[in-house]
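Reminder, nothing fancy here: chain letters follow the sequence lines and each chain counts from 1.
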Amino acid sequence: MDLRLYDTLTREKRVFTPIDPARVRMYVCGPTVYDYAHIGNARPVIVFDVLFRLLRHLYGAEHVTYVRNITDVDDKINARATEEYPSLPLNEAIREVTNKTDKQFHDDVAALGCLPPTVEPRATEHIEEMKTLIERLMKSGNAYVAEEHVLFSVPSMKDYGKLSNRPLDEMIAGARVDVAAYKRNEMDFVLWKPSKRGEPAWPSPSGIKTQGRPGWHIECSAMSWKHLGETFDIHGGGIDLVFPHHENEIAQSRCAFHTSVMANYWMHNGFLQVEGEKMSKSLGNFVTIQDVLATPMSSLVPIANDEGPTPIFAGWKERWNGLCARFAMLQTKYSEPIDWTTRRFNEAGDELYRFYEVLRDAYYDTSLTREVPDNLLAALRDDLNTPAAITTLRATAKSQDVSALGAGLSLLGLLDDEFVRRDDLLLFNHALSLTAEQEAMVNARNAARVRKDWKESDRIRDELAAMGICLRDNSDGTTTPESAR
RNA sequence: GGCCACGUGGCGGAGUGGUUACGCACCGGUCUGCAAAACCGGGUACGCCGGUUCAAUUCCGGCCGUGGCCUCCA
């Protein structure tokens with residue numbers, strides 16, 4: 001059976017045919033490292049991780065190359081560096097900001113259950129490739145120098161605007177931004193610009209004397225070229241990147257290499273809102289991945305608090321919350337808008353918890369290789385329909401088909417060996433250690449039950465319930481105390 | 001203003017030109033002294049107005065609503 005993917009460029013779902021099945025190539029726009037990643041940043045990371053896993057499953061892990069860049073040169077980074085480290089020289093301050101943010105991002109993404117991409121190139125390590133591209137564009141007449149900038153000449157590319165469906169003439173009519181005077185055409189965009197004193201700077205291309213730095217779009221053209229070649233299979237990112245970022249990437253790469261396409265499939269994940277509103281710092285509803293990972297356990301699982309007497313491995317809470325967030329995210333198809341709410345997060349966590357209970361009750365062995373169920377695979381092959389895939393998981397859980405359940409969770413990146421296997425996790429430990437007094441109450445209630453004093457029996461049960469202890473009367477006459485939710 | 005998405009039962013969320021996906025919540029039942037848990041069952045939804053069709057939630061047109069892009073943004 002085929003893999004079918006929706007392509008933003010052709011606006012249709014097509015059968016995926018890799019250029020070279022022995023080397024399937026995907027590029028996804030990664031973060032600009034200047035601040036904590038938010039829950040909206042998490043979406044493409046998770047979505048394309050699932051695609052990465054699916055491609056590895058279909059073509060073999062060693063036949064898939066996934067490139068996700070790190071943007072570490074950018075005005076926002078400079079601004080943040082000045083703000084946070086006013087006493088340091090700018091370039092040192094920038095290094096502090098990018099290193100710190102980069103590490104945080106990787107910790108966040110790992111907690112979300114994402115595999116590391118094959119390559120994570122950094123923009124600042126590809127300045128030479130960017131300059132080579134710029135020289136090529138100069139040579140082919142697609143770029144020009146003006147006031148120490150190099151600009152891409154949009155009218156020089158006849159079919160510019162196909163991805164975002166913005167014909168050139170319309171865009172010019174609709175443009176209402178202040179246009180720099182040195183631009184020949186208001187749509188032209190910067191490939192290279194001069195650096196101000198103290199800013200990161202490199203020797204400029206195209207005979208420009210002053211040192212400068214790259215424009216935003218050129219880095220992705222350079223890095224995808226370096227690591228994937230002139231044309232490749234899949235290019236992904238958030239829907240907001242369609243214009244201008246991806247449109248401009250296409251323009252740069254195609255004109256530099258004289259190719260008809262940059263990537264064969266353009267995939268874009270839908271936007272995310274928080275509690276029904278646009279997420280923004282001014283509204284105060286900015287949810288970072290860190291916020292989600294730090295969610296107290298008591299709202300997700302039947303335990304009273306985060307700390308317990310049993311030994312727990314480091315970062316277990318973040319990892320569990322990360323899986324829950326991932327699961328919550330995959331409940332909606334990647335291309336659809338999503339409303340991120342605490343309710344959604346909690347409900348996803350509840351369901352994932354039940355899946356894990358099924359596996360744990362069956363002593364699921366994660367070391368064994370399992371066959372991924374056909375119906376789950378079919379759902380994913382249909383343009384990454386993760387909600388439909390999750391639906392198949394529910395049936396396997398209900399029928400106690402633990403092999404299929406485990407295999408499915410694994411393919412979706414939702415299976416964590418330690419959460420399945422370990423028996424010392426408070427997270428899955430329902431048994432309660434009662435105080436002597438509580439123990440006596442349980443005994444007193446049982447005595448009352450024996451003499452059929454239901455009134456007294458229920459009174460004691462209510463009293464214990466108020467302490468957060470729920471009693472379960474078993475059919476063999478014993479009583480099990482459990483933590484109440 | 002231009003371009004583009006989305007609008008499904010209380011909530012979440014797939015999907016389809018004609019056989020009431022699925023999950024949560026809710027209600028009923030079995031079990032239980034009563035509960036809890038578990039299991040079984042129940043509720044025929046697709047923004048509005050037209051059109052096409054034997055038949056539309058599904059196709060077409062218009063309208064309304066929400067959101068995105070056009071400036072940094074996943």
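- A:Asp416 has no carboxylate O lying under 4.0 Å from a charged side-chain N of A:Arg326, or vice versa, which leaves the two without a salt bridge.
- When side chains are defined from C-beta on, A:Ile390 counts as touching A:Phe327, because their heavy atoms get closer than 4.5 Å.
- For A:Asn269 and B:C69, the CG to C1' distance is 14 Å, given to the nearest whole Å.
- Nucleotides B:U57 and B:U53, compared at atom C1', are 15 Å apart to the nearest Å.
- No contact: A:Arg459 has no heavy atom under 4.0 Å from any strand.
- Within 6.0 Å of OH on A:Tyr36 lie no more than 12 heavy atoms contributed by other residues, nucleotides or ligands.
- Within the 4.5 Å cutoff, no side-chain heavy atoms of A:Val50 are placed close to those of A:Tyr334.
- A gap of 11 Å separates the C1' atoms of B:C73 and B:C69, to the nearest Å.
- Per the geometry, CG belonging to A:Leu330 stands 15 Å off C1' belonging to B:G23, to the nearest Å.
- Distance check on atom C1': B:C26 versus B:C11 gives 11 Å, rounded to whole Å.
- Each of B:C69, B:A74, B:C4 was ranked by its minimum atom distance to the side chain of A:Arg11; first place goes to B:C4.
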Which atom pairs link the protein and nucleotides 57-62 of chain B when you take only N or O atoms and keep those under 3.5 Å?
none

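- Heavy atoms of A:Ser457 sit under 4.0 angstrom from at least one base atom.
- Judged as a salt bridge (Lys or Arg N to Asp or Glu O under 4.0 Å), the pairs with a partner in residues 458-468 of chain A (not counting sequence neighbours) are, in order, A:Glu456-A:Arg459, A:Asp458-A:Arg461, A:Arg459-A:Glu463.
- One interatomic measurement links the two molecules: CG of A:Leu241 to P of B:G68, which rounds to 15 Å at whole-angstrom precision.
- Contact annotation for A:Leu471: base contact, defined as any heavy-atom pair under 4.0 Å involving a base atom.
- Shown here are the ring pair (Phe, Tyr, Trp, His ring centres under 6.0 Å) partners of A:His245, two or more places apart in sequence or in another chain: A:Trp216, A:His217.
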#### Entry: Secondary structure string for RNA chain B (Watson-Crick or G-U under 3.5 angstrom, | for other-strand pairs)
(((((((..(((.....[...))).(((((.......)))))....(((((..]....))))))))))))....
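- For the pair A:Trp216 and B:C73, the criterion of a side-chain N or O lying under 4.0 Å from OP1 or OP2 is met.
- Side-chain atoms of A:Asp107 never come within 3.5 Å of backbone atoms of A:Gln104 as a donor-acceptor pair (strictly under, hydrogens ignored).
- Rounded to a whole Å, the CZ atom of A:Arg166 is 7 Å from the P atom of B:C70.
- Comparing B:G33, B:C72, B:G68 against the side chain of A:Arg449 picks out B:G33 as the nearest.
- Each of A:Asn446, A:Thr479, A:Thr480 was evaluated against A:Leu471; a single residue qualifies, A:Thr479, per the side-chain contact (heavy atoms from CB on, under 4.5 Å) test.
- You'll find a donor-acceptor pair under 3.5 Å spanning the side chain of A:Arg461 and the base of B:A35, going by distance alone.
- Heavy atoms only, all atoms of each residue included: A:Asn69 and A:Glu219 are closest at ND2-OE2, 3.1 Å.
- As a whole-Å value, the separation of A:Asp7 CG from B:C4 C1' is 16 Å.
- For A:Phe271 and B:G68, the ring-to-base geometry does not satisfy the stacking test (centroid distance below 5.5 Å, interplanar angle below 30°).
- Listed in residue order, the members of residues 395-407 of chain A having a heavy atom less than 4.0 Å from RNA chain B are A:Lys398.
- Nearest-nucleotide assignment on RNA chain B puts the 5′-proximal partner with A:Arg354, out of A:His245 and A:Arg354.
- Spacing of C1' atoms, B:U20 relative to B:C46, comes out at 12 Å, to the nearest Å.
- The separation of B:U52 from B:G61, taken at their P atoms, amounts to 15 Å, rounded to a whole angstrom.
- Using P as the reference atom, B:G47 and B:U8 are 6 Å apart when rounded to the nearest Å.
- For A:Thr391, taking side-chain heavy atoms from C-beta onward, the closest of the listed nucleotides B:A74, B:C22, B:C34 is B:C22.
- Judged by atom type and distance alone, A:Asp74 does not reach the base of B:C72 through any side-chain donor-acceptor pair under 3.5 Å.
- Distance, A:Trp266 CH2 to B:A74 C1': 15 Å, rounded to whole Å.
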### Task
Please lay out, stage by stage, how A:Asp102 and A:Thr98 fare under the test side chain to side chain donor-acceptor pair (under 3.5 Å).
CA-CA 6 Å; A:Asp102 179 83; A:Thr98 56; over 6 Å; no
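- Nearer to the 5' terminus of RNA chain B, by closest-nucleotide assignment, is the contact made by A:Pro244 (compared with the other of A:Pro244 and A:Thr32).
- Relative to the six-membered ring of A:Phe48, A:Arg68 misses at least one condition, a distance below 6.0 Å or an angle of at most 45° to the axis.
- The interatomic distance linking A:Ile390 (CD1) with B:C24 (C1') rounds to 14 Å, in whole Å.
- The residue A:Lys452 sits apart from the nucleic acid: no heavy atom pair falls under 4.0 Å.
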Check nucleotides 12-16 of chain B for protein N or O atoms closer than 3.5 Å to its own N or O atoms and list the pairs.
unit_1	atom_1	unit_2	atom_2	d
B:G12	O3'	A:Arg344	NH2	3.1
B:G13	OP1	A:Thr332	OG1	3.1
B:G13	OP1	A:Arg344	NH2	2.4
B:G13	O3'	A:Gln331	O	3.4
B:A14	OP1	A:Lys333	N	2.8
B:A14	O3'	A:Asn385	ND2	3.1
B:G15	OP1	A:Asn385	ND2	3.2

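- Here B:C4 is the nucleotide among B:C34, B:C4, B:A36 with the atom lying nearest to any side-chain atom of A:Asn165.
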### Task
Check the pair A:Trp340, A:Val292 against side-chain contact (heavy atoms from CB on, under 4.5 Å), reporting the backbone distance first and the verdict last.
CA-CA 11 Å; A:Trp340 185 265; A:Val292 173; 4.3 Å; yes
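- A:Arg451 has its CZ atom 19 Å from the P atom of B:C34, to the nearest Å.
- Within the 4.0 angstrom heavy-atom criterion, only backbone atoms of the sugar-phosphate kind lie near A:Gly237; the bases stay farther away.
- Side-chain contact check for A:Gln252 versus A:Ile218: some heavy-atom pair is nearer than 4.5 Å.
- Rounded to whole Å, the separation between the C1' atoms of B:A5 and B:G9 comes to 24 Å.
- Comparing B:A55 with B:G12, their C1' atoms are spaced 31 Å from each other, to the whole Å.
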